[in-house]
Each structure stands twice: as C-alpha cells, then as structure tokens.
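Any value given below was found using the heavy atoms of this structure, including those in side chains, with hydrogens, waters and symmetry copies removed.
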Amino acid sequence: MNVDYGFTTESDNRQPDEQADSLLVGAVDLHQHPGPSPFPRRMSILDAARDASDAGFRAIVAKSHHHSMVTDILALRAAGLAELSTQVYGGVALNRTVGGLNPYAVELALRMGGRMVWFPTLSSNAHVRHHEHHDTGFPTSEVELRPNEIITILDEKGAVLPEVRDILSVIAAEDAVLTCGHLGVSESSALIDAALEAGISRIVVNHPIFVVGASVDQAVAWARKGVTIEHCVVMYFGREERRRDLNELLTFIKEVGVERTVLSSDSGQKNNPLPVTLFRRAVRGLLDAGVGEDDIRQLVGTNAGRLLLP
C-alpha cells in the first residue's frame with residue numbers, strides 16, 4: 001500500500017479571519033480520520049496534530065474504523081508529537097477488524113492511554129443498510145478485506161448482550177468516553193440505558209442525521225438523560241455538492257441545547273477539507289448565523305474537553 005497523504009494547508013485556500021481564529025484557540029475535535037488506514041486519507045496523525053497545534057487546539061482524537069490508533073500515537077511521540085501543544089488521543093471502534101464486541105481490545109486500548117470507544121460503525125446494521133440504498137460518498141478500502149458482517153449489540157429478545165455489558169464495565173472503570181458509533185436509534189437507546197446502568201457518565205451519540213437516523217425529538221430525549229449529541233461539520237461546511245442545510249444544524253443546537261452539543265470535524269478523508277479548515281468555516285458560519293461567541297466556544301471546545309479529558 002503506497003501512502004501519499006498529499007497534506008497541504010495551502011490547498012484549502014484559507015483566508016485570514018481573526019475572529020474565527022480566536023475562537024479556535026482551545027478547540028477540541030473528538031472525531032478526526034487521519035492515516036494510517038485502509039481508507040484513503042489526506043493526512044497522517046502527525047500532520048493533523050501539527051495543523052491543530054498551529055491553530056491553538058487543545059486536543060484532537062484520531063479515529064480509525066479498522067484498528068486502535070492508540071499504539072500509533074504512542075509510537076509518534078518520539079517523532080515530534082510530544083513537542084506539540086495539542087494533545088492527541090485515540091480509542092477503538094468495535095468492528096470486525098478488532099474482533100467486534102471485544103472487551104480485550106477495549107481494555108488494551110484504554111489502559112494504554114485511549115479515551116474513546118466507538119460501538120460498531122462499519123459493521124452496524126444501520127450503516128450496512130444505509131449504504132445499500134444511498135450514495136453517501138463514504139470511502140472504500142484500498143486494501144483487500146473480507147466482506148463486512150453485521151454486528152448487533154442485542155440478542156433475539158432485544159436484550160443487551162453479555163459481552164456488551166462486559167465492555168461497559170471496562171469503560172466505566174477507566175472513566176472513558178462511550179460513543180454509539182453508527183448504531184441505529186433502537187440499538188443506541190438500548191446501549192445508552194445499559195451504559196447509564198453501568199455508571200458511565202461520558203456518552204456521545206455520533207452524527208444523529210447520518211446513518212443513525214435520529215430526529216430532533218429523539219436527540220432531545222437522549223440529551224435529557226445526560227448524553228452529548230455530536231454534529232460533524234464536514235456535513236455542513238465540506239464539499240459544496242454534499243453540504244446539508246445549516247438550518248438543520250441550528251435547529252438541533254437550539255432544541256438540544258448548547259450545553260449538550262459538540263461539533264467535530266469527522267474529516268481527514270482524501271477528498272474533504274482538512275479538519276482545522278472545517279472548524280474555521282463552521283465558526284464563521286455560526287457567527288454569521290447569529291450564534292454568540294460564548295456558545296461557539298462551548299460547541300467547539302469546552303463541552304468536548306469536559307468529555308475527553310480525565
């Protein structure tokens with residue numbers, strides 16, 4: 001596999017924006033997709049960290065759908081990562097390539113410094129079914145892999161599987177962040193209830209509009225239980241041909257509340273703008289839409305920092 005990240009800040013045509021740039025200082029991005037990855041990526045972990053550090057980000061999270069990036073991050077410390085002001089964290093996504101619902105993989109990732117556990121993404125029923133019927137622009141692997149197989153967190157009677165409860169006990173013990181990944185609404189709800197029973201306080205629903213299929217009312221119901229709702233700015237400020245209506249995002253923020261909302265980039269893919277560029281566009285877009293500076297700071301930094309940082 002030839003890795004050519006093609007990383008360049010100039011190609012994003014960044015224009016000076018003193019107000020937006022000032023609001024990025026202290027930002028925390030919970031959802032970046034750097035390489036290495038079987039999917040084509042535009043940047044490496046070190047590229048992403050340097051760009052974030054230059055912009056004054058407090059922390060970023062490097063996510064792979066296929067493997068834990070915790071060891072990649074540890075290996076890069078001596079290559080310059082430790083010298084940057086931005087902290088870099090990883091975690092593990094519970095897809096087939098790490099053994100699925102594997103408490104051993106979770107324990108290893110978290111005890112080596114990881115902070116986030118994503119329940120099935122590529123392997124969730126909602127993801128597989130969504131991509132059977134929609135052209136989402138989702139990347140395809142550059143490495144030959146076995147066909148994806150669906151993973152469910154529930155048994156035939158709709159009860160949460162024992163291995164899921166085992167994983168939840170590990171997350172609770174490490175005070176890590178649980179995210180529902182690409183589970184659909186019913187599985188996400190069951191997972192959230194089980195997580196709360198297990199004593200987990202850091203819970204995130206990823207991009208409720210994309211794949212998950214959650215309504216505003218459903219997001220509000222989750223937020224009332226203490227869940228944080230994440231929205232990915234690549235969906236609103238990414239490539240023009242795939243942008244969604246900003247009013248959709250503003251409605252979610254208004255109804256769920258700023259205090260239970262975080263903005264992440266969900267970027268790093270070969271054809272998307274860089275994460276910092278997306279954050280800058282998002283801040284400018286929110287400002288132009290009348291969102292106050294204090295609320296923007298909370299959306300792009302404060303809330304995510306409280307979740308991520310122990």
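- Listed by chain and residue number, nothing satisfies the side chain to side chain donor-acceptor pair (under 3.5 Å) test with T71 (two or more places apart in sequence, or in another chain).
- Scored by the ring-ring contact (aromatic ring centres under 6.0 Å, His included) test, H231 finds F252 as partners (sequence neighbours excluded).
- With sequence neighbours excluded, the residues satisfying side chain to side chain contact (heavy atoms under 4.5 Å, CB included) with R96 are S123, N148, E149, I151.
- Under 4.0 Å is where a charged nitrogen must lie from a carboxylate oxygen, and between K225 and D193 at least one such pair does.
- Looking at I150 and S124, their side chains never come closer than 4.5 Å, going by heavy atoms from C-beta outward.
- Within the 4.5 Å cutoff, the side chain of E174 has heavy atoms near those of the R111 side chain.
- Residues L191 and S188 form no side-chain contact, since every pair of their non-hydrogen atoms from C-beta on lies 4.5 Å or further apart.
- For D155, there are no salt bridge (Lys or Arg N to Asp or Glu O under 4.0 Å) partners two or more places apart in sequence or in a different chain.
- A side chain to side chain contact (heavy atoms under 4.5 Å, CB included) with V117 is found for exactly one of L94, T179, L178, V170, namely L94.
- A salt bridge links R280 and D21; the closest N-O separation between the charged side-chain nitrogens and carboxylate oxygens is under 4.0 Å.
- Taking 4.5 Å as the limit, some side-chain heavy atom of P273 sits within range of a side-chain heavy atom of R281.
- Looking only at distances, a side-chain donor or acceptor of R42 sits under 3.5 Å from a matching main-chain atom of N272.
- For E255, the side chain to side chain contact (heavy atoms under 4.5 Å, CB included) partners two or more places apart in sequence, or in a different chain, are V216, V220, T251.
- With rounding to the nearest 0.5 angstrom, the CE atom of M43 is 12.0 Å from the NZ atom of K270.
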Evaluate the criterion salt bridge (Lys or Arg N to Asp or Glu O under 4.0 Å) for residue pair R165 and E197; output intermediate values, then yes/no. CA-CA 10 Å; R165 294 194 182 276; E197 290 173 14; 3.6 Å; yes
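- There is a side-chain donor-acceptor pair under 3.5 Å between S264 and E230.
- Under the ring-ring contact (aromatic ring centres under 6.0 Å, His included) criterion, Y236 pairs with no residue, sequence neighbours left out.
- A search for ring-ring contact (aromatic ring centres under 6.0 Å, His included) contacts involving F279 returns F57, not counting sequence neighbours.
- Side chain of N95 to backbone of T121: a donor-acceptor contact under 3.5 angstrom is found.
- Checked by atom type, the side-chain pair T152/N125 shows no donor-acceptor distance below 3.5 Å.
- Every side chain to side chain contact (heavy atoms under 4.5 Å, CB included) that A214 has, sequence neighbours left out, goes to V185, P208, V212, Q218, W222.
- Ionic pairing of D288 and R284 is present here: one or more N-O contacts between side-chain nitrogen and carboxylate oxygen are shorter than 4.0 angstrom.
- In the model, S53 has a side-chain atom that pairs as donor or acceptor with a side-chain atom of S85 under 3.5 Å.
- Aromatic pair F119/H182: ring centres not closer than 6.0 Å.
- Sorted by first then second residue, the ring-ring contact (aromatic ring centres under 6.0 Å, His included) pairs that include residues 280-310, not counting sequence neighbours, number zero.
- A tilted orientation is assigned to the rings of H31 and H207, their planes being inclined by 30° to 60°.
- The shortest distance between side-chain heavy atoms of T277 and F237 does not fall below 4.5 Å.
- If you take CD1 on I253 and CG on L263, they are separated by 5.5 Å, rounding to the nearest 0.5 Å.
- Residues V164 and L161 meet the side-chain proximity criterion, which asks for heavy atoms closer than 4.5 Å.
- In this structure, NE2 in H65 is found 4.0 Å from NE2 in H33, a value given to the nearest 0.5 Å.
- Residue L30 belongs to a hydrophobic cluster whose other members are V28, V61, Y89, M116, W118, V177, V204, V262, L307, L308, L309, with links defined by side-chain heavy atoms closer than 4.5 Å.
- No side-chain heavy atom of L278 sits less than 4.5 Å from a side-chain heavy atom of P275.
- In terms of the ring-ring contact (aromatic ring centres under 6.0 Å, His included) criterion, H67 has no residue partners (sequence neighbours excluded).
- Within the hydrophobic cluster formed by Ile, Leu, Val, Met, Phe, Trp and Tyr side chains joined at under 4.5 Å, directly or through other members, Y104 stands alone, with no partner residue.
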